[in-house]
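Note sheet for the following structure.
Naming convention: chains lettered A, B, ... in sequence-line order (proteins, then strands); numbering from 1 in each chain. Scope of the values below: all heavy atoms of this structure, side chains included, with no hydrogens, waters or symmetry mates.
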There are 4 protein chains.
Amino acid sequence: MTAQLRADARRNRERILAAAEAVFAERGAAASTEEVAARAGVAIGTVFRHFPTKNDLLGAIVKGLLARLAEEADALAEGGDPEKALFAFFTHVVEEAAARKTVAELLAGGGVDVRVGKPLERLQESVGTLLRRAQQAGAVRDDVRPDEVMALLAATSQAALLGGWDPDLRNRTLKIVFAGFRA
Amino acid sequence: MTAQLRADARRNRERILAAAEAVFAERGAAASTEEVAARAGVAIGTVFRHFPTKNDLLGAIVKGLLARLAEEADALAEGGDPEKALFAFFTHVVEEAAARKTVAELLAGGGVDVRVGKPLERLQESVGTLLRRAQQAGAVRDDVRPDEVMALLAATSQAALLGGWDPDLRNRTLKIVFAGFRA
Amino acid sequence: MTAQLRADARRNRERILAAAEAVFAERGAAASTEEVAARAGVAIGTVFRHFPTKNDLLGAIVKGLLARLAEEADALAEGGDPEKALFAFFTHVVEEAAARKTVAELLAGGGVDVRVGKPLERLQESVGTLLRRAQQAGAVRDDVRPDEVMALLAATSQAALLGGWDPDLRNRTLKIVFAGFRA
Amino acid sequence: MTAQLRADARRNRERILAAAEAVFAERGAAASTEEVAARAGVAIGTVFRHFPTKNDLLGAIVKGLLARLAEEADALAEGGDPEKALFAFFTHVVEEAAARKTVAELLAGGGVDVRVGKPLERLQESVGTLLRRAQQAGAVRDDVRPDEVMALLAATSQAALLGGWDPDLRNRTLKIVFAGFRA
DNA sequence: GATGAATGAGGATTCATTCAT
DNA sequence: AATGAATGAATCCTCATTCAT
């Protein structure tokens, strides 16, 4: 019985997270918690029961996203062609960004202070692995460091999203960055 | 008398703009209009008389900034060493960004929608000139286009600011971008 | 089985009362029912099953306290020195008050309206007995009535608690009241 | 013109204070600020413009009351019969209390923390004067101190109000306290 | 009977904007 | 034109109470 209830709660938690991701992606982190609740189909109190603070909700979203990205990076590192894996991941992330307003804002720390140290480090490690392998394959210069990759990843993701780059501009811009990694 | 008053009004307009730039730079675009008024030494009503909407005020600031940047770009294009002018300008803008919260937010469209088409085009033209000259000097690959430069400029400015890059990371990251422009 | 359950229920009821007394004593009547539940080690629903309303819970606590006070008064009336018993009881109650936030608030009706007619009458009877014996011993003027004693008891208890009297002020103040009873 | 406006503002400020006094007197300090605004006939924002915090509003009320009491005490000290002035003032305050819920709560510090050190000291000084004169006139024992008078004043005021004493009980109770002062 | 998740009204506070002076 | 007081919608958050499990 308790298990049942917890299942309900978990379902709600996930609905809230999904709703929040959508709402914040559309309207930015300034969107109201009430709108998240409405989109999730729950009462406002339920949102605050699961995430005692709006900030907690934002933090949960970002942590989730970062974790997902790290997993994707790991998958690419294991399976794919080392020469292309890093660039493929980079491209993928930037494309994704175009669909998520919050991510960029929050990765950036835009006004909201969300502490995501842990998940961010994990992502950097995964990216580091991709980088090392690309370097071993000779696809990236040896003196490029993980924090530089992360920095350009964040920069292009934000810009792609917020600046409303079209796919063509996005590709051309990434090409330049990738050329910078190579030469 | 009317002329007198208009002079007053113009002075007020400028004080408000200056105050707004300062306040929004420090506190971000979420800072209150009242704080701008206080810093400008005028009453809140005066701010709204000059800028009927907070958004108008934000727009005016960004337009001003973009215009200033365009002028700087032009100055460099006329005077400086074509091989270095583009990179110097690029570096300068990114460094500046670290001191201005609003700029990045607004260039990005963070929450607020400010229409700055004209001044942005003007800046792009100036940057285009810098680019052309750098290409003629052989410092940048020929197929790099102005909108790509603008895109990376915006991206690194935002990221440098919001991500809190330290000067070292900033330099290393720009080096990669510049390498991408070259080869 | 039903009997078993009722034993559980009774135990829960008492744990809740104890927890409520502690919580409300510390945080005042504004403390949340949830905190009471937590301290009692039961779920919030259980609290509301036993006391359908927060007010009911508060009422139960006050009734319990009044009953306890009446018992103490009775004990003093039977055993102690009639000359001192009333003053000892009075002093004791006021001292106690300093440790109980709710009591004063509730005796006072602070925001919450709790009906405690019966237990209050019983306390007044006990106090009446103490008074009568003190009068017979010549320690208190004959025209002092029980409701006056009760009134001053409530007054000094509340004030001692809420006003944060230090022990010295408390003693000096009580001395004046006792002098009023005597002469 | 500015003066006009300020007149409006002052009028509003006073309406708000009056409304607040009434509302908090009826419903206790837990009454909502919105109700105060409604009773004052202003929008909620106006209340917060004048008193940035609910607490500030409560503080203002209490300070005002204490000041008023101090003035009354001073007036009695100057004009009246020293033998009766202190008791008259004491009686008056307790009678007044019956009409004011907040006062008692706040003097007591009931939940809300309002800092009224200054006005309270001033009142104590005024009461001290009344006391000294009563002592010089031989109406009060010499070893009674001002803080004891204040303590009993607060105690009886609260109790009279919150306990709902009827006039008869009030008078009889005060007689006991006064007897304590004398003997 | 117990559990604890969900509800949703209520409350304090902020702030862009309007408007009387 | 400037002033700054007033407005009131919007927002975050709390908590008594209900109800499905």
Checklist line | Worked check of side-chain contact (heavy atoms from CB on, under 4.5 Å) between C/Arg11 and C/Asp8 | finding: CA-CA 5 Å; C/Arg11 190 161 54 238; C/Asp8 270 31; 3.4 Å; yes
Checklist line | Sequence neighbours excluded, every pair satisfying side-chain hydrogen bond (donor to acceptor under 3.5 Å, both in side chains) that has a member inside residues 28-37 of chain C | finding: C/Arg27-C/Glu35
Checklist line | Full working for side-chain contact (heavy atoms from CB on, under 4.5 Å) between B/Phe24 and B/Leu57 | finding: CA-CA 10 Å; B/Phe24 291 139; B/Leu57 178 56; 4.1 Å; yes
Check: What residues form a salt bridge (Lys or Arg N to Asp or Glu O under 4.0 Å) with C/Arg68, not counting sequence neighbours?
Finding: C/Glu21
Margin query: Applying side chain to side chain contact (heavy atoms under 4.5 Å, CB included), can you list everything that pairs with C/Ala22, at least two apart in sequence or on another chain?
Written below: C/Arg39
Notebook entry, point to check: So does C/Arg49 get a side-chain nitrogen or oxygen closer than 4.0 Å to the phosphate oxygens (OP1/OP2) of E/dG1?
Noted result: no
Margin query: Counting only side-chain nitrogens and oxygens, does C/Asn12 get under 4.0 Å of the OP1 or OP2 atom of E/dA2?
Written below: yes
Identify the pairs formed between an N or O of the protein and an N or O of nucleotides 9-11 of chain F at a distance under 3.5 Å, and give each distance.
none

Notebook entry, point to check: Are any of the side-chain heavy atoms of C/Asn12 and C/Arg15 separated by less than 4.5 Å?
Noted result: yes
Checklist line | Whole angstrom value for the distance that separates C1' of F/dT7 from CG of D/Asp8 | finding: 14 Å
Check: Is there a side-chain polar atom (N or O) of D/Thr46 under 4.0 Å from OP1 or OP2 of F/dA5?
Finding: no
Notebook entry, point to check: How far does the C1' atom of E/dG1 sit from the matching atom of F/dT21, given to the nearest Å?
Noted result: 13 Å
Note to self: Dot-bracket for DNA chain F, please. Rules: Watson-Crick or G-U, both distances under 3.5 Å, ( ) within the strand, [ ] when a pair crosses earlier ones, | for another strand, . otherwise.
What the structure shows: .||||||||||||||||||||
Note to self: Without decimals, in angstroms, what is the distance between B/Arg11 CZ and F/dA2 P?
What the structure shows: 11 Å
Checklist line | By side chain to side chain contact (heavy atoms under 4.5 Å, CB included) - contacts of A/Arg13 (at least two apart) | finding: A/Leu17, A/His50, A/Phe51
Next item on the list: Whole angstrom is fine here: how far is it from CZ in D/Phe51 over to P in E/dG11?
Entry: 20 Å
Next item on the list: Return each pair, listed once, that meets salt bridge (charged side-chain N to carboxylate O under 4.0 Å, His left out) where at least one residue sits in residues 47-59 of chain C; pairs must be two or more places apart or across chains.
Entry: none
Next item on the list: Check the distance between E/dT21's P and D/Arg10's CZ and give it to me in whole angstrom.
Entry: 16 Å
Check: Given E/dA6, is OP1 or OP2 found less than 4.0 Å from the side-chain N or O atoms of A/His50?
Finding: yes
Note to self: How many whole angstroms separate atom CD1 of A/Ile16 from atom C1' of E/dA6?
What the structure shows: 10 Å
Checklist line | First encountered from the 5' end of DNA chain F, between B/Ala43 and D/Arg13 | finding: B/Ala43
